[in-house]
Amino acid sequence: MSHIRVRFAPSPTGVLHIGSVRTALFNWLFARHNNGKFLLRIEDTDKLRSTEENTKSIFEILKWLEIDWDEEPVIQSNNIERHKAVAEDLVKQGKAYYCYCSPEELAAKKEEALKAGKSYKYDGKCRGCSEKIAGKNPVIRLKADNVGRTTVDDLVQGEVTIENSQMDDLVLLRSDETPTYMLSVVVDDHDMGVTHVIRGDDHLTNTFRQIQIYRACNWDIPRFGHIPLIYGPDGAKLSKRHGAASAQDYKMLGYLPEAISNYLLRLGWSHGDDEVITRTQAIEWFDFDNVGRSPSRFDMAKLQNLNAHYMRERDNKSLLEYMKPFLQSELDAEQERCILAGMDSLKERAKTILELVDAVQIYMGAPGRYDDTCLKYATPQHLKLLDEVIAIVNSMKSLNEQALCDKVKELAKNHGIKLVEIAQAIRGALCGKLISPSVFEIIAILGKERTLDRLRAYIKHYQN
RNA sequence: GUCUCCUUCGUCUAGGGGUCUAGGACACCGCCCUUUCACGGCGACAACACGGGUUCAAAUCCCGUAGGAGACGCCA
């Protein structure tokens, strides 16, 4: 058993961004690959924006993606007292201090620095305050070590070094005695025994601040891995504006979880020329050597292609179950039978579940309206041909797809026209549009009665 | 502004000094298959950001330049 422990630590202030999902996936794969533990921590210390629903939806979406976690999820807000105690202990040890500077005072200093074209840093005015003054509400700041330099050997980025003079005395505990994010993360990661902190690139510079806290506490510093962010097709941060940014969005758009994981995995990670990768392979192959350092753009077309692949790979029954929540009404037994019978050819025409739902309508009932394109195949000649098709269908004892096809081909030959002329007219009648699987397959599935009804309705509609 | 990171086809990427006239996938275009649309098959187009080094040899190593991103909160 390996001692590796990683964690995914979302804050429930919204739904899970697709970038966070990838972070979760990489953590999970790393844990599973190394036989380590994948832990979950809900960072709900921002009480104003955190909600119960968001927490629930995070659990749900992870389960949906089959990213399972070990041990009970840690709820960060339960640890606030502990965080506070750590901060106060650091003051006692002289590694942190009470700061009585007011926010207004600080803002003024900052503005001044900015005006002078300098970068702002807290000036350490209160560094000497180790006593609490009654009636005042100070913050606790860390006495940052600002000599020398700090190097992090990042799992993804390699060695990253900064001058410690860049560091300023960050706030550990707010004036209302709640811990800041920096403090909470470090304490919780330490308490949870996290050995590898794998998170988004945006935390890379925070890492140096956090290392200062680890050092002040005399705790082991974990390894860090910062994976690049995901951008939209235009290179800007991926957001709702690009159509969809959260895992929920993609779920609702009809993407399969296995397609999303596969896509996300390949975004920023590679294994030679492999594109379609199973979970088992992913666990076997995943490592940080092959995680890219550059940010990548989200490409919907590629996701779609992968989704189409996984849809074709799913068996028809599971696909049917999967699409049920997307349907506007419950299916009766006959509709189910038809869809299942036609699924093989329907699913290879759809890239998403939403498209499949649309394609499946031909088995839900007669067309409610005819697409304008049908007009081309609704001339008096076409309608006459359909009369003959009706005769053919009527004459057959059982509607066998191949036999039907042969007979209609013969009909076309007798009239000296191409099959497409008749097939498209039939398609228009049966489906209300000119795109569908083989019309003979559809007839065979629908059966005589419904086929004749639809053919007659079409003729009647266009006779006027 | 300061600090940090990034830069191979439109996109995701392979590539770790010679096997690179730079490989794959998606997208796009063309052809074949074909009752439509897809699937499938075949093919075409298409990239090492720029400038200097190092070396017999550089997409690969070093240094600059340009462009992009992130961080600089009593948010997480």
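Hydrogens, waters and symmetry mates are skipped; everything else that's a heavy atom, side chains included, is used. Lettering of chains follows the sequences in order, A, B, ..., and the numbering in each one begins at 1.
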Fill in the blank from the handout: The side-chain contact (heavy atoms from CB on, under 4.5 Å) partners of A:D249 (sequence neighbours excluded) come to A:K240, A:A244, A:S246
Practice task
Ignoring backbone atoms, establish whether A:N305 has a side-chain N or O less than 4.0 Å from OP1 or OP2 of B:A25.
Solution key: no
Under-3.5 Å N/O pairs linking protein and nucleotides 31-34 of chain B:
none

Exercise for the section: Output all residues satisfying side-chain contact (heavy atoms from CB on, under 4.5 Å) with A:A359, sequence neighbours left out; order by chain, then residue number. Expected result: A:L346
Practice task
Indicate, with a heavy-atom threshold strictly under 4.0 Å, whether A:L204 touches base, sugar-phosphate, or nothing.
Solution key: sugar-phosphate
Problem - Base versus backbone protein contacts along nucleotides 61-66 of chain B [heavy-atom cut-off under 4.0 Å; B, S, -] - result: ------
Practice task
List in chain and number order the residues that pass side-chain contact (heavy atoms from CB on, under 4.5 Å) with A:L229, two or more places apart in sequence or in another chain; answer none if no residue qualifies.
Solution key: A:D201, A:D202, A:Y231
Problem - salt bridge (charged side-chain N to carboxylate O under 4.0 Å, His left out) partners of A:D44, counting only residues at least two apart - result: A:K47
Practice task
Only counting residues at least two apart or in another chain, list the ones meeting ring-ring contact (aromatic ring centres under 6.0 Å, His included) with A:Y181.
Solution key: A:H203
Problem - Residues from residues 149-160 of chain A lying under 4.0 Å of RNA chain B - heavy atoms - result: A:Q157, A:V160
Every protein N/O within reach of nucleotides 7-12 of chain B N/O, cut-off under 3.5 Å:
unit_1 : atom_1 : unit_2 : atom_2 : d
B:C12  : OP1    : A:R297 : N      : 2.9
B:C12  : O2'    : A:R266 : O      : 3.1
B:C12  : O2     : A:K302 : NZ     : 3.3

Problem - Any N/O donor-acceptor pair, A:D201 side-chain to B:G70 base, under 3.5 Å - result: no
Practice task
Please tell me if the side chains of A:Y255 and A:T352 come closer than 4.5 Å, counting only heavy atoms from C-beta onward.
Solution key: yes
Exercise for the section: Between B:C74, B:C39, B:G70, spot the one nearest the side chain of A:K351, thanks. Expected result: B:C39
Handout entry: With A:S57 via side-chain contact (heavy atoms from CB on, under 4.5 Å) - residues at least two apart
Key = A:V15, A:Q248
Handout entry: A:R312 side chain near B:G40 phosphate (N/O to OP1/OP2, under 4.0 Å)
Key = yes
Completion exercise
The complete set of side-chain hydrogen bond (donor to acceptor under 3.5 Å, both in side chains) pairs with one or both residues in residues 257-274 of chain A, sequence neighbours excluded, reads A:E258-A:R314, A:S261-A:R279, A:N262-A:Y310, A:R266-A:E275, A:H271-A:D274
Handout entry: Closest nucleotide among B:U36, B:A71, B:U2 to the A:Q424 side chain
Key = B:U36
Practice task
Please determine if a side-chain N or O atom of A:S436 lies less than 4.0 Å away from the OP1 or OP2 oxygen of B:U36.
Solution key: no
Completion exercise
From CD of A:Q76 across to P of B:A76 the rounded distance in Å is 9 Å
Problem - Over-ring placement of A:R427 relative to A:Y377, 6.0 Å and 45° cut-offs - result: no
What nitrogen or oxygen pairs link the protein and nucleotides 46-51 of chain B at under 3.5 Å?
none

